Amino acid sequence: MQLFKRTDHLDRSLLRIEQAVNDDLALLLEFGPDYFETHELYSFLHKLDDQTEKVFFLRRMLIATGFIVVICLVTAIYSFMTDHLLFGYIFLFFIPVFAG
């Protein structure tokens with residue numbers, strides 16, 4: 001039983017070390033650009049640009065989803081206040097659909 005715990009801890013430690021070594025941006029910040037070749041720096045820049053585009057896309061999706069959820073909530077509240085219960089329940093149904 002003790003042998004399995006040691007190997008599990010060793011595997012987790014090796015995985016953490018491997019992830020730290022594969023973090024190119026951390027290596028670039030630690031050693032500086034003089035350590036890397038030009039084509040490696042261009043590949044880092046390309047990867048960083050790709051990740052930046054993904055973040056901007058996800059941010060736009062988050063804002064759009066939040067806007068749709070707020071509109072559905074306001075419409076549902078308005079529908080309940082004007083005694084249109086069916087529309088209120090329909091718009092309340094769409095909130096978890098869009099948020100999910």
Side-chain angles (χ1 to χ4, degrees):
M1 186 67 154
Q2 187 69 15
L3 180 63
F4 291 122
K5 289 182 182 179
R6 287 183 185 169
T7 58
D8 186 41
H9 178 68
L10 182 62
D11 289 340
R12 283 184 289 166
S13 297
L14 288 174
L15 182 64
R16 189 173 58 239
I17 290 170
E18 184 178 340
Q19 287 173 349
V21 169
N22 286 334
D23 189 5
D24 297 330
L25 186 59
L27 288 173
L28 179 64
L29 292 174
E30 185 175 343
F31 294 113
D34 298 334
Y35 181 74
F36 297 98
E37 295 179 4
T38 305
H39 67 87
E40 290 176 328
L41 291 174
Y42 278 121
S43 73
F44 293 160
L45 183 63
H46 184 66
K47 287 179 189 177
L48 191 61
D49 286 341
D50 289 343
Q51 290 176 355
T52 304
E53 288 179 16
K54 288 178 186 177
V55 166
F56 284 143
F57 174 75
L58 291 175
R59 183 182 296 163
R60 279 184 274 150
M61 291 299 292
L62 181 64
I63 290 171
T65 303
F67 181 73
I68 290 172
V69 167
V70 168
I71 293 298
C72 286
L73 185 62
V74 168
T75 307
I77 290 172
Y78 178 76
S79 297
F80 286 135
M81 293 175 81
T82 57
D83 293 330
H84 297 292
L85 297 178
L86 178 65
F87 292 117
Y89 286 123
I90 289 173
F91 282 110
L92 281 179
F93 170 75
F94 282 121
I95 290 174
V97 169
F98 285 118

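Just so it is clear, the structure is predicted and the values come from calculations on it, not from any experiment. The figures here come from the full heavy-atom set of this structure, side chains too, leaving out hydrogens, waters and symmetry mates.
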Considering only distance and modelled atom types, tabulate donor-acceptor pairs under 3.5 Å from the side chains of residues 69-83, sequence neighbours left out.
{"unit_1": "Thr75", "atom_1": "OG1", "unit_2": "Ile71", "atom_2": "O", "d": "2.7"}
{"unit_1": "Ser79", "atom_1": "OG", "unit_2": "Thr75", "atom_2": "O", "d": "2.8"}
{"unit_1": "Thr82", "atom_1": "OG1", "unit_2": "Tyr78", "atom_2": "O", "d": "3.0"}
{"unit_1": "Thr82", "atom_1": "OG1", "unit_2": "Ser79", "atom_2": "O", "d": "3.4"}

Quick one: ring-ring contact (aromatic ring centres under 6.0 Å, His included) partners of Phe67, sequence neighbours excluded? none
Please go through Met61's hydrophobic cluster and name the other residues, only I, L, V, M, F, W, Y counting, with side-chain heavy atoms under 4.5 Å joining them. Phe57, Leu58
Name every donor-acceptor pair, under 3.5 Å, that has one atom in a side chain of residues 49-56 and the other anywhere in the protein, sequence neighbours excluded.
{"unit_1": "Asp50", "atom_1": "OD2", "unit_2": "His46", "atom_2": "NE2", "d": "3.4"}
{"unit_1": "Thr52", "atom_1": "OG1", "unit_2": "Leu48", "atom_2": "O", "d": "2.7"}

